[in-house]
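We count ligands from 1, going down the list as the structure has it; atoms in each ligand are counted the same way. Remember, predicted model here, so these are calculated numbers, not experimental data.
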Amino acid sequence: MYKLDQPPLLFESSRPGRATAILPGSDVPDRPLDAIIPASHRAERAPALPELGELDVVRHYTNLSTLNMSIDANFYPLGSCTMKYNPKRNERLAALPGFSAQHPYQDESTLQGLLALLYELQGMLAEIAGLHAVSLQPAAGAQGELTALLVAAAYFRDRGEKRTQVLIPDSAHGTNPASAHLAGFEAVTIKSNAQGLVDLDDFRAKLGDQPAVFMMTNPNTLGLFDPQIGTIAGLLHERGGLLYLDGANMNAILGVVRPGDMGVDLMHYNPHKTFSGPHGGGGPGAGPIAVRDHLAAYLPAPIVARNDDGSYRLDHDRPKSIGRVRSFFGNTGVLFRAYCYIRSQGPDGLKDIARHAVLNANYLMQLVKDVYPVQYPGRCMHEFVASARTIARERGIRAMDIAKRLIDYNFHSPTVYFPLIVPEAIMVEPTETESRETIEAFARVLRAIAEEDPASLHDAPHTTPISRPDEVKAAKSPVLRWRATPTATS
Ligand SMILES: *Cc1c(COP(=O)(O)O)cnc(C)c1O
């Protein structure tokens with residue numbers, strides 16, 4: 001449904017001959033085109049680019065940018081995504097030409113600053129994990145999961161063990177079973193109990209003699225810390241299995257608990273969540289993994305190593321390595337920001353992040369839980385999962401209606417309908433960077449929406465150019481490219 005005027009595409013605003021660039025004439029003697037690019041390498045026609053004045057282009061993009069929600073403009077309580085403030089300092093530092101203008105094919109001797117930084121980051125991530133070795137290569141959390149499972153598979157193969165099953169709680173992020181499957185394992189679902197934690201009976205029943213890996217998210221996606229992790233680690237280790245931690249959201253335990261101390265053998269981080277990297281619109285992330293010493297040999301090569309003379313090198317001499325999972329050094333831009341963030345916080349700052357993330361989530365939960373019941377009550381960690389099931393039953397207002405209506409109030413929607421084990425789930429993660437006033441304003445609006453006329457909520461938002469896009473069509477047949485003649489699918 002179209003509401004406001006749709007801004008025209010640049011192609012539609014194009015007028016023949018309108019131009020932006022004012023370039024001086026070439027002072028290089030003309031050479032025949034064939035001498036520069038052979039005809040066989042040239043397209044028949046020049047590409048059909050839009051022709052526009054500079055002001056048209058500036059206005060177009062500036063106006064488009066105001067249609068977006070962003071951390072810099074809106075509260076963004078998207079559960080599990082940790083949309084916290086991205087400090088501008090980190091952006092400035094990551095853009096320093098000494099880092100951003102490096103070329104990956106440069107000689108190692110000219111990359112010493114970059115390598116020093118990556119080496120230190122490996123050390124910091126190992127320390128926070130309470131584990132021994134780190135690979136910075138994976139390009140996203142999901143790739144970190146896959147990489148860690150490939151490391152586990154290589155470890156078992158090396159020991160001559162045939163282990164095929166990866167156990168995953170039903171509250172896990174969808175990437176967990178996908179990664180297990182891609183790594184060649186069978187994904188086995190473990191039920192959650194009435195408290196929203198791992199059902200130990202189900203875990204014991206499905207453990208078998210030869211479990212490969214248990215993938216645990218702790219705190220889990222319900223925002224609950226599972227105190228059974230020690231028992232779980234013990235049961236696994238007795239049978240030679242490995243405990244994996246999905247550490248995408250480390251906010252709640254950062255600097256307070258080390259996964260290695262809880263029995264975790266391998267884990268991934270999401271620097272674009274926990275360590276404040278920007279990650280709207282599916283932009284680049286990273287998924288560094290940390291592992292216990294007996295798994296270090298299998299990490300992707302190369303690893304940044306330090307020479308005796310204090311210089312750094314890329315260590316490719318790793319015969320048991322699973323090989324590369326990403327070109328060059330990984331997404332260094334994201335890794336720099338994580339480095340800047342960790343260094344600027346320091347050990348005490350990291351602990352404060354955890355305390356404030358937990359405080360903010362609990363405060364917000366208390367402000368709304370009488371209207372939006374929380375299925376697994378008790379103290380939450382960095383996020384909580386409320387439910388719209390009462391107002392859905394009594395007033396016909398669903399989680400999706402609430403999520404959409406929040407946009408009219410300039411709030412980004414929380415995550416809805418996830419985790420799957422909570423009906424009408426509304427998963428809220430305020431993050432530690434929000435003020436008390438923002439959290440209270442959000443709670444007021446959330447409560448007010450529950451009182452609104454259900455009929456008008458079903459076609460909210462009312463203030464955006466498009467009210468409710470067809471999400472299935474947008475996901476299954478997106479039209480991402482302008483064509484002069486629309487194709488069948490568009
Ligand atoms: C975000 C997230 C992931 C996946 O991370 P990506 O960087 O999006 O691939 C995995 N697990 C949990 C719990 C997450 O929140």
Give a yes or no on whether a salt bridge exists between D401 and R468, defined as a side-chain N under 4.0 angstrom from a carboxylate O.
-> yes
So, are D201 and K191 salt-bridged, with charged N and O less than 4.0 Å apart?
-> no
Check: every ligand 1 N/O to protein N/O pair under 3.5 Å:
residue	atom	partner	partner atom	Å
ligand 1	5 (O)	N270	ND2	3.0
ligand 1	7 (O)	G141	N	2.8
ligand 1	7 (O)	N270	ND2	3.2
ligand 1	7 (O)	H272	NE2	2.7
ligand 1	9 (O)	G141	N	3.3
ligand 1	9 (O)	A142	N	2.8
ligand 1	11 (N)	D246	OD1	3.2
ligand 1	11 (N)	D246	OD2	2.6
ligand 1	15 (O)	S80	O	2.9
ligand 1	15 (O)	S80	OG	2.8
ligand 1	15 (O)	N249	OD1	3.2
ligand 1	15 (O)	K273	NZ	2.7

Can a side-chain donor-acceptor contact be found between [Y] and [X] if the only test is distance below 3.5 angstrom?
{"X": "D408", "Y": "T463", "value": "yes"}
{"X": "N251", "Y": "E432", "value": "yes"}
{"X": "D265", "Y": "H294", "value": "no"}

Full working for side-chain hydrogen bond (donor to acceptor under 3.5 Å, both in side chains) between Y363 and E440 | CA-CA 9 Å; Y363 183 47; E440 289 172 353; 2.4 Å; yes
